[in-house]
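Please read these numbers as outputs of a predicted model, since none were measured by experiment.
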Amino acid sequence: MDIVKKIAEELKIKPWQVEAVIQLIDEGCTIPFIARYRKEQHGTLNDEQLRNLDERLNYLRNLEERKETVLASIEEQGKLTEELKAQILAAETQVMVEDLYRPYRPKRRTRATIAKEKGLEPLANIITLQMTEKPLEEEAAAFLDEEKEVKTVEEAIQGAMDIIAETIADEADYRMAIRKTTMSQGSLTSVAKNAEEKSVYENYYEFESKISKLSGYQVLAVNRGEKEKILTVKIVAPEEEILRYLNKKVIIRENENTVSCLSETIEDSYKRLIAPAIEREIRNELTERAEDGAIRVFGKNLEQLLMQPPITGKVVLGWDPAFRTGCKLAVVDETGKVLDTIVVYPTEPQNKVAETKKIVKAMIEKYGIDLISVGNGTASRESELVIVDMLKEINKPVQYIITNEAGASVYSASKLATEEFPNFDVGQRSAVSIARRLQDPLAELVKIDPKSIGVGQYQHDMNQKKLSEALGNVVEDCVNNVGVDLNTASASLLEYVSGVSKQIAKNIVAYREENGRFQSRRELLKVAKLGPKAFEQCAGFLRITDGENPLDATSVHPESYEAANNLLKTLGYAPEDIKGGLTGLSLMARDRKKLAEQLQIGEITLDDIVKELEKPGRDPRDEMPKPILRSDVLDMKDLKEGMILKGTVRNVIDFGAFVDIGVHQDGLVHISKLTDKKFVKHPLDVVSVGDVVEVKVLSVDIQKKRIQLSMIL
């Protein structure tokens, strides 16, 4: 198989682009580095295209490797024909290769292998060829053998039927056709093991859907219901049609001596061997497809969450709410440094509201707090009421925001949090995390396992390795897209930088602690285990403000410094002039082709340098919608049908989006209520996590805590 041609066709890009990227990957370049600094070589493919290319390259290379193993195994058995070899080499999927290999794969002892050991293969051939003129019992009588334990004619015929059944089941063309028919015409059904039992799976107690019409979330839901022993799930295939097809293929002539035997064998082969295997394969394929879809949605949601704009320049009070153990508070300054921590008890059972207000007012006064970040967990509602009441009593313009605290408890109990705050307890660490999530969501959320951030669906039911890799790629792309301050970044943030391993990240922090601030990017080469290749991959993504070289504060790669300095010189600027940004540089550098030739760089690289020098160290998150800050409280019982409210999208799933409208219960905008302007294939086509949207209240069920919303106003 021509891997380059195949990937180019699938991703609708040019073969030369695929070749260039494969070469860069094989040289050890990371996807963020290829995306940002090798545009000239691959023709400006974006992160997503490059990730897809990398994924397909791995799959196809593994496929080729498997083909080689299979061919070697069949050849070793002396059964490899030119036709079979051509079929295996032309196979485009792992499933196809395994279908072709099936008859030659070493088998455990089956009914067919036992029958072959008894010498019944020639009888199976007589029946299959349908040429006999004798009744089957007469043919079978010749195979009776006391020693081999073939004592009766019935045993001989049954053994031959077992051999034929396995041969039919192993025929690759039959399996492919049956799988295709089952996928296109079959159904998936689920029923409750106990219809009286209440559970979250009640929608699937009597469920049936065409396989071709199943949604990913339905597949994952029935899988989980089956795993929890609440549902019985099965594939219902068009059995009559499949048996007709097999009879037509196997019974090649009318022979009254063999027809009924073959017909019975075909049915046995399908029901006992083919159908269960095909059901397993289809369930696996549906699950894999559903997982891939769920991982894509999770990845998109995670990307939007990580790319939320930071709220800079504010002193934040992090508030981790609780009942019995009290609310943990932490004050962090504009840089995220912890100034103070305390525990207050405004909620049940202590109800020390007046005392809490007094303490918090004093903290606001002492530290100049601008913003309160309240976790959305247990006792969040009660804490919010106290905060709103208190804010009305002070003259300072302080606002609050309800922050999604998903993963905060995971982080605060982690080894990383213990190293960062050895003298804090779990609650204090959690309060710090809740505060810092506002100041720099990306820097704080990278400390938490992406699976625990709470913007996925069925994440605990899927292939954990695949999920971790996919989410790790998302975090890596976000971190490198934003860039990292080399002198303030934590090891957990640094390890996502292109070319930086966990060990190198720790070494960078250790070097910084020992030698003080990095003064230049070149100094990175003094860090243990950070060699020239790692430097090439990471340097452009690591920024140094107020260093020796102004270009170190930009995303211009050190390999382009000479070109950047020559450009500045040509246009009459000194390197120091870029600190505040060179507005209008694009206009001055109008003749890109001529300039690029003069500077001996590509036009695409020149464009990137000009863009960066105009706005050095620009943050792509600035273009994202800002979070909603609140100063008053809304209760679920305050909601009325038809109300128009502003809200923040918290999670996007296959059938809609959950929106936070400030009442502690996210409302659901069903996919059908996202827009009336176009058909919506997936909610992600319309909304993303972090979007600020206007919604209309459709219905409120206080008992079930359900809010139905619409974005069609």
task = Please test E281 against R175 for salt bridge (Lys or Arg N to Asp or Glu O under 4.0 Å), starting from the C-alpha separation and ending with a verdict.
result = CA-CA 11 Å; E281 287 166 14; R175 290 179 79 86; 3.1 Å; yes

message = F655: which residues meet the ring-ring contact (aromatic ring centres under 6.0 Å, His included) condition with it, sequence neighbours left out?
response = Y217

request  = Assess the side chains of Q158 and D162: does a donor N or O sit below 3.5 Å from an acceptor N or O?
outcome  = yes

Side-chain heavy atoms of N301 within contact of L684, under 4.5 Å = yes

query = Taking N247 for the side chain and L243 for the main chain, is one N or O donor matched with an acceptor at less than 3.5 Å?
reply = yes

request  = Go through the side-chain N and O atoms of K300 and S688 and say whether any donor and acceptor fall under 3.5 Å apart.
outcome  = no

inquiry  = Check R61 with E64, please: is the shortest side-chain N to carboxylate O separation under 4.0 Å?
reply    = no

message = One thing to verify: whether E92 and K6 come together as a salt bridge, which I'm taking to mean a side-chain N less than 4.0 angstrom from a carboxylate O.
response = yes

query = According to the salt bridge (charged side-chain N to carboxylate O under 4.0 Å, His left out) rule, which pairs have a member within residues 238-262, sequence neighbours left out?
reply = E239-K271

request  = Tell me, with the steps shown, if R51 and E476 meet salt bridge (Lys or Arg N to Asp or Glu O under 4.0 Å).
outcome  = CA-CA 11 Å; R51 291 273 177 215; E476 186 184 16; 3.0 Å; yes

key: Side-chain donor-acceptor pair present, Y411, S452, cut-off under 3.5 Å   = no

inquiry  = Which heavy atom of L120 sits nearest to which heavy atom of A156, and what is that distance?
reply    = CD1-O, 3.8 Å

request  = Considering non-hydrogen atoms only, spot the tightest contact between L144 and V153 and give its length.
outcome  = CD2-N, 3.6 Å

N/O donor to acceptor pairs below 3.5 angstrom from side-chain atoms of residues 166-174, sequence neighbours left out:
unit_1: E166; atom_1: OE1; unit_2: T110; atom_2: OG1; d: 2.8
unit_1: T167; atom_1: OG1; unit_2: I163; atom_2: O; d: 2.8
unit_1: D170; atom_1: OD1; unit_2: R102; atom_2: NE; d: 3.3
unit_1: D170; atom_1: OD2; unit_2: K107; atom_2: NZ; d: 2.9

task = Ignoring hydrogens and angles, state whether a donor on the side chain of Y245 or T181 is under 3.5 Å from an acceptor on the partner side chain.
result = no

task = With salt bridge (Lys or Arg N to Asp or Glu O under 4.0 Å) as the test, would you mind laying out the steps for K465 and E469 before giving the verdict?
result = CA-CA 6 Å; K465 185 174 181 284; E469 276 175 14; 3.0 Å; yes

query = Hey, are D99 and R179 close enough for a salt bridge, meaning a charged N less than 4.0 Å from a carboxylate O?
reply = yes

key: Min side-chain heavy-atom separation L214-L286 under 4.5 Å   = yes

